[in-house]
Student: 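I'd like to ask you about the structure that follows.
Reminder, nothing fancy here: chain letters follow the sequence lines and each chain counts from 1.
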There are 2 protein chains.
Amino acid sequence: MKIGQVAEVSGLPAKTIRYYESIGLIEPAGRTSSGYRAYQEKDIETLKFIQRARSLGFSINEVSALLTLWNDRNRASSQVKELAKHHVADMDRKIAELQSMKNTLSNLIEKCQGDHRPDCPILNDFAQTDR
Amino acid sequence: MKIGQVAEVSGLPAKTIRYYESIGLIEPAGRTSSGYRAYQEKDIETLKFIQRARSLGFSINEVSALLTLWNDRNRASSQVKELAKHHVADMDRKIAELQSMKNTLSNLIEKCQGDHRPDCPILNDFAQTDR
DNA sequence: ATGAGGCTTACAGTTACAGGAAGGTCAAGC
DNA sequence: GCTTGACCTTCCTGTAACTGTAAGCCTCAT
């Protein structure tokens, strides 16, 4: 299979697949006689695995760790669980931060008339020096 | 005031202040005879404004727009409100995305024993080819 | 054999800075 | 007068995870 088809079935852009190879996340693919990348079933499964993990927000480094665990028949499931829990904790932190920023800004928006007049509580708040 | 003190009162690292100058977000600061940046009260207010806007998650580009609006005595408050609402919508999207990823992963985590045994529903799910 | 579309590499651009090197400046202390 | 240490300067590199673009092969159908 050539990279274009692999891109379709894996859900990852061809460009991204080449990138993953370039940073060493995946093994260099085999090549046809003319130099095109040639993928095996196993490679495609790996790329699908990566796509799935990335879509859940794991970083490339985390995905790399997950791949290692996946390929280690004897790993303890606790290792995977720990990694996943860390990631959930990260997401929780980000959600809380976004929520807090959103709440603050929403409050300011409510106070702003939003008409043709220049007076704006949002800008006034940003400009407030004593907070 | 020199950049170090400005960093303290504005809450922005000196490095960041220089960076903002380099990308044109703020006007180049004045200089002392020996070449150090010298800041006026107005500059400091601007930097505080930027810090506040950035802390609410506005991008540099958005902050730039906000600064322009702030300096335009005749802008309509509706312009500011629109910009802010866009940003809240962005944050809402991000929150929803994170929440969805978190829910999916949390479900998988619950199913994983997390003990010394290798069997792991999380990895199994990632490896699932038919989804 | 020719044209379309897929593949190749390589390099630049994105966002918002942080780290570090090499060197100039300033105030205080001996 | 000199040194020391803190602060300042510019310049370059690195980060995360790609995306865009250019210039040039390869393949296949007509």
Side-chain angles (χ1 to χ4, degrees), chain A residues 1-26 28-39 43-44 46-47 49-67 86-87 90-91 93-94 97-98 101, chain B residues 1-26 28-39 43-44 46-47 49-67 86-87 90-91 93-94 97-98 101:
Chain A
M1 242 194 209
K2 285 185 285 183
I3 201 168
Q5 287 171 285
V6 175
E8 264 191 49
V9 303
S10 70
L12 292 167
K15 199 105 199 184
T16 299
I17 298 173
R18 287 193 204 99
Y19 170 70
Y20 287 164
E21 185 182 308
S22 82
I23 60 170
L25 179 62
I26 53 178
R31 297 288 177 138
T32 66
S33 54
S34 58
Y36 286 7
R37 284 175 181 78
Y39 293 90
D43 303 327
I44 291 162
T46 301
L47 286 166
F49 181 101
I50 293 171
Q51 193 282 328
R52 179 79 173 143
R54 287 287 297 139
S55 78
L56 289 181
F58 286 97
S59 73
I60 296 278
N61 268 345
E62 288 166 333
V63 172
S64 184
L66 287 169
L67 282 174
H86 267 291
H87 181 44
D90 279 350
M91 289 196 276
R93 242 173 282 123
K94 279 180 198 159
E97 195 190 340
L98 280 168
M101 294 191 299
Chain B
M1 244 195 208
K2 284 185 287 183
I3 201 167
Q5 287 171 285
V6 175
E8 263 191 52
V9 302
S10 70
L12 292 167
K15 202 108 196 182
T16 299
I17 298 172
R18 289 192 203 97
Y19 171 71
Y20 287 163
E21 185 182 307
S22 81
I23 61 169
L25 179 62
I26 54 177
R31 299 286 179 140
T32 66
S33 55
S34 58
Y36 287 7
R37 284 174 182 79
Y39 293 88
D43 304 327
I44 291 161
T46 300
L47 286 166
F49 180 101
I50 293 171
Q51 194 282 329
R52 178 80 174 146
R54 288 286 297 139
S55 77
L56 290 180
F58 286 97
S59 71
I60 297 278
N61 267 346
E62 287 167 333
V63 172
S64 183
L66 286 170
L67 282 173
H86 266 290
H87 182 44
D90 278 351
M91 289 195 277
R93 240 173 283 125
K94 280 180 195 158
E97 195 190 339
L98 280 168
M101 295 191 300

Student: Taking only side-chain N and O atoms of B:Arg31, does any of them lie within less than 4.0 angstrom of OP1 or OP2 on D:dT10?
Tutor: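 Yes, within the criterion.
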Student: So, is B:Tyr36 close to the C:dG24 phosphate, meaning a side-chain N or O under 4.0 Å from OP1 or OP2?
Tutor: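 Negative; the distance criterion is not met.
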Student: Quick one, B:Ile26 with B:Thr46, criterion side chain to side chain contact (heavy atoms under 4.5 Å, CB included). Give me CA distance, side-chain angles, the key distance, then yes/no.
Tutor: CA-CA 8 Å; B:Ile26 54 177; B:Thr46 300; 4.3 Å; yes
Student: Starting at CE of B:Met1 and ending at P of D:dC7, how long is that distance when rounded to a whole Å?
Tutor: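 Those two atoms, CE and P, are 15 Å apart.
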Student: May I have the distance from B:Ile17 (atom CD1) to C:dA16 (atom C1'), rounded to whole angstrom?
Tutor: 15 Å
Student: Using a heavy-atom cut-off of 4.0 Å across all strands, would you classify A:Ile3 as base, sugar-phosphate, or nothing?
Tutor: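 The answer is sugar-phosphate, as A:Ile3 gets under 4.0 Å only of primed atoms, P, OP1 or OP2.
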Student: Would you mind reading off the distance between B:Tyr19 atom OH and D:dC11 atom C1', rounded to a whole angstrom?
Tutor: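 It is 16 Å, rounded to the nearest whole Å.
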Student: Can you tell me if B:Tyr20 touches the phosphate of C:dC17, counting only side-chain N or O atoms and a distance under 4.0 Å to OP1 or OP2?
Tutor: yes
Student: Would you confirm whether B:His87, through its side chain, and B:Leu56, through its main-chain N or O, come within 3.5 Å as a donor-acceptor pair?
Tutor: yes
Student: Would you say B:Thr32 places a side-chain N or O within less than 4.0 Å of OP1 or OP2 belonging to C:dT25?
Tutor: no
Student: Using a distance-only criterion (donor-acceptor N/O pair, under 3.5 Å, no hydrogens), is the base of C:dG19 paired with the side chain of B:Lys15?
Tutor: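 Counting by modelled atom types and ignoring angles, a donor-acceptor contact under 3.5 Å is found here.
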Student: Please compare B:Asn61 and B:Ser34 by the position of their nearest nucleotide in DNA chain C and report the one closer to 5'.
Tutor: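 That would be B:Asn61.
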Student: Between B:Glu21 and A:Ser59, which has a closest nucleotide on DNA chain D that is more 5'?
Tutor: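 That would be B:Glu21.
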Student: Checking B:Arg37 against B:Glu21 for the side chain to side chain contact (heavy atoms under 4.5 Å, CB included) test, could you report, in this order, the C-alpha distance in whole Å, the side-chain angles of both residues, the deciding distance, and whether it holds?
Tutor: CA-CA 11 Å; B:Arg37 284 174 182 79; B:Glu21 185 182 307; 3.1 Å; yes
Student: Starting from C1' on D:dA17, measure out to CD on A:Glu62 and report it in whole angstrom.
Tutor: 14 Å
Student: Would you check if A:Ile60 and A:Ile23 make a side-chain contact, meaning some heavy-atom pair closer than 4.5 Å?
Tutor: yes
Student: Would one find a side-chain N or O of B:Arg18 under 4.0 angstrom from OP1 or OP2 of C:dG19?
Tutor: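 For C:dG19, OP1/OP2 do not have a side-chain N/O of B:Arg18 under 4.0 Å.
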Student: When you compare the side chain of B:Val9 with that of B:Ile44, does any pair of heavy atoms fall below 4.5 Å?
Tutor: yes
Student: Touch check for A:Arg54, heavy atoms < 4.0 angstrom, all strands: base, sugar-phosphate only, or nothing?
Tutor: sugar-phosphate
Student: Is the shortest side-chain N/O distance from A:Thr16 to OP1 or OP2 of D:dA17 below 4.0 Å?
Tutor: no
Student: Rounding to an integer number of Å, can you tell me how far A:Ile23 CD1 sits from C:dA10 C1'?
Tutor: 17 Å
Student: Just to confirm, is there a sub-4.0 Å distance from OP1 or OP2 of C:dT9 to any side-chain nitrogen or oxygen of A:Arg37?
Tutor: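 True: A:Arg37 side-chain N/O within range (under 4.0 Å) of C:dT9 OP1/OP2.
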Student: Closest-nucleotide mapping onto DNA chain C: is B:Pro13 or A:Gly4 further toward the 5' terminus? I mean the 5' end.
Tutor: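 The residue whose closest nucleotide sits nearer the 5' end is A:Gly4.
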